[in-house]
Amino acid sequence: MTSSYKDLASHKDLVVLGIETSCDDTAASVVRRDGDGGCRILSDEVWTDYDDHAAFGGVVPEIAARSHVERLDVTIEKAIRASGLSLDGIDAVAATAGPGLVGGVMVGLTTAKAICLAHSKPLLAINHLEGHALSARMTGAAGFPYLLLLISGGHTQLIWVAGLGDYRRLGTTIDDAAGEAFDKTAKLLGLGQPGGPRIEAAAVNGRADRYDFPKPLQRRAGCDFSFSGLKTAVREAAQSMTVQSKADIADIAASFQFAAARHLAQRTEQAMEIAPAEGKARRLVVAGGVAANGAIRSMLSSLCERKGWTLIAPPAKYCTDNGAMIAWAGAERLAANLAPPMSEALALAPRARWPLAPPPEGAEIGGGRKGPKA
Ligand code: KG4
Ligand code: ZN
C-alpha cells in the first residue's frame with residue numbers, strides 16, 4: 001500500500017482517534033504512541049447498553065446500527081474532550097472496517113471518513129481482529145513474534161503473529177466460537193446476556209467437578225477447536241433436572257467454564273508444539289472478550305508455567321471491545337507508513353467478513369454468527 005503520510009510516520013509521537021462500532025459497543029478513544037513504541041491511552045469511552053437487546057436474547061443488528069448512529073458523535077466528542085486535546089492535536093483517525101455487523105461498521109467507518117475529509121487527516125481502516133491481536137502491545141511489552149490465542153464472540157483462533165500485518169493461522173473453530181458457547185450456555189441457564197461475565201459470576205459459587213463435560217477433538221491432531229459437543233452436553237445436563245436450584249446452575253456454569261478453559265489450554269499447547277521457532281519467542285498473548293475470564297487466564301498461566309512460556313494478557317477491560325485497541329492498531333500502521341492516500345481511504349468499503357490470516361491449505365472452515373470463524 002502506498003502512503004502519502006511519510007512525514008507523519010517519522011514523527012516522534014503519534015496521536016490517533018480510534019472508533020469501534022462492529023457489534024453492540026459504541027466506543028471511541030484517543031491514544032498516543034511514543035517514538036519508542038510506548039503507549040498512553042489518553043481517553044477511552046465505551047457506551048454499552050445491553051438492555052436495548054435484552055428482550056431479544058442477543059444482539060439485534062438493526063438496533064445496534066441505530067444505537068451507533070445516535071451515540072457515536074457524543075462518544076467521539078467525549079473521548080476527544082477527555083484526552084485534553086482538540087481535533088487539531090490528533091494526527092489520524094482509525095476505524096473498524098470489519099469484520100462485524102455491517103450496519104454498525106458502516107456507521108463508524110463513514111463517520112471516520114467524514115472527519116478525515118473535513119480535517120485533512122489520514123484514515124486507517126482497521127481489521128477488528130488486528131485490534132485484538134495488537135492489544136497486548138498497547139497495554140504491555142509484547143514484542144513480535146508471539147503466539148496469539150484470539151477468543152471473542154465471533155472468533156476463536158490460534159495465530160502466529162510474526163510482525164505487523166504478518167499473521168499465520170494455526171487453528172480455528174470448526175463450529176461455534178468460544179464467546180458464542182458462553183453466551184448460549186448462559187441463555188440455556190437463564191442467566192441473561194452477555195453470557196461470558198454471567199457464567200463467570202455464577203461459577204464462583206459452583207463445583208467445577210460436578211459434571212465431567214467432554215474434551216472436544218481429543219483424537220484430532222492440530223489445534224482446531226470445537227464447542228458444539230460441549231454445548232449439547234450442557235443442554236442435556238440442564239434438561240435432566242425438572243427443577244434447577246441456584247446451586248445446580250452454579251455447578252453447571254462452573255463445570256462448563258472449566259471444560260471450556262481446559263479445551264482452550266489443550267489446543268494452545270498443541271499450537272506451542274507447532275509454532276515456528278523464530279526468534280525463540282515463547283510468548284503467548286491472549287486477547288478478545290473471552291480472555292477477560294479469570295478461570296481461562298489462570299489455566300493458560302499454568303500451561304505457560306509448565307511449558308516455560310510467558311503469558312501476556314491485556315487487562316480485562318481491553319480484552320472486550322474498545323476504541324483504544326483500534327486507535328493503537330491505527331498508530332502502529334501509521335508509524336509503519338501504512339496509511340493509504342485519501343482517495344484510497346475514502347473508497348474503502350465496510351466488510352462483514354475479513355479474515356485476519358489466510359487459512360492453511362485444506363483447512364476446514366466452520367460457519368458462525370459473524371461469518372466463518374476464519
Ligand atoms: O471481543 P468481544 O468484546 O466482541 C467480539 O469481538 O465478539 O467479545 C465478546 C464475547 C462475548 O461472547 C462475551 O460473552 C465474551 O466475550 N466475554 C466473556 C467474558 N467477558 C466477555 N466470556 C467469558 N468470560 C468473561 N468474563
Ligand atoms: Zn471483539
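Ligands are counted one by one from 1 in listed order, and the atoms in each one are counted from 1 as well. Every heavy atom of this structure was used, including side-chain atoms; hydrogens, water molecules and symmetry mates were not. The model shown is predicted, which means the values in this text are computed figures rather than measured ones.
No donor-acceptor pair under 3.5 Å is formed between the side chain of Glu130 and the backbone N or O of Ala329. Within the 3.5 Å criterion, the main-chain N or O of Gly288 finds no donor-acceptor partner in the side chain of Ser152. Proximity of a side-chain donor or acceptor of Gln270 to a complementary backbone N or O of Gly222 within less than 3.5 Å is detected.
Under the 4.0 Å criterion applied to side-chain N and carboxylate O atoms, Lys307 and Glu273 are assigned as salt-bridge partners.
Taking the Zn ion (ligand 2) as reference, the nearest N/O/S atom within Asp321 carries the name OD1. Atom NE2 is the N, O or S atom of His132 at the shortest distance from the Zn ion (ligand 2). Within His128, the N/O/S atom positioned nearest the Zn ion (ligand 2) carries the name NE2.
Remark: among candidates Gly100, Ala287, Gly289, Ala203, the nearest residue to atom 20 (N) of ligand 1 is Gly289, based on non-hydrogen atoms. Distances from atom 22 (N) of ligand 1 to the heavy atoms of Gly196, Ala316, Ala186, Ala260 put Gly196 nearest.
Which parts of ligand 1 touch His128 is read off a 4.0 Å heavy-atom cut-off, strictly below it: atoms 6 (O). Within ligand 1, counting atoms from 1 as listed, the ones closer than 4.0 Å to a heavy atom of Gly153 are 5 (C), 7 (O), 8 (O), 9 (C), 10 (C), 12 (O).
By the 3.5 Å distance cut-off applied to N or O atoms, Phe182 is not counted among the residues near ligand 1. Considering backbone and side-chain atoms alike, Asp321 places an N or O below 3.5 Å from some N or O of ligand 1. In terms of N/O distances under 3.5 Å, ligand 1 is approached by His132. At under 3.5 Å, a nitrogen or oxygen of Glu200, whether backbone or side chain, sits near a nitrogen or oxygen of ligand 1. An N or O contact shorter than 3.5 Å links Gly179 to ligand 1 by distance.
Taking a 4.0 Å cut-off on heavy atoms, Gly154 registers as neighbouring ligand 1. Not a single heavy atom of His155 lies less than 4.0 angstrom from ligand 1.
Within the model, atoms CZ of Arg235 and NZ of Lys187 stand 11.5 Å from one another, a figure rounded to the nearest 0.5 Å. If you take OG1 on Thr48 and NE2 on His53, they are separated by 9.5 Å, rounding to the nearest 0.5 Å.
Asp25 approaches His68 most closely through the heavy-atom pair O-CE1, 3.2 Å. Between Ala125 and Trp354, the shortest heavy-atom distance links the atoms O-CH2, 3.9 Å.
Proximity of the aromatic rings of Phe213 and Phe258 is defined here by a centroid distance below 6.0 angstrom, and this criterion is not met.
Looking at Gln193 against ligand 1, nothing comes within 4.0 Å, counting heavy atoms. Counting heavy atoms closer than 4.0 Å to ligand 1, residue Thr320 contributes atoms from both its backbone and its side chain.
Summarising the local packing, CG of Asp212 is surrounded by 12 or fewer heavy atoms from other residues, nucleotides or ligands at distances under 6.0 Å. Atom CZ of Arg297 sits in a crowded spot, with more than 12 heavy atoms from other residues, nucleotides or ligands closer than 6.0 Å.
Residue His155: no N/O/S atom is found under 2.8 Å from the Zn ion (ligand 2).
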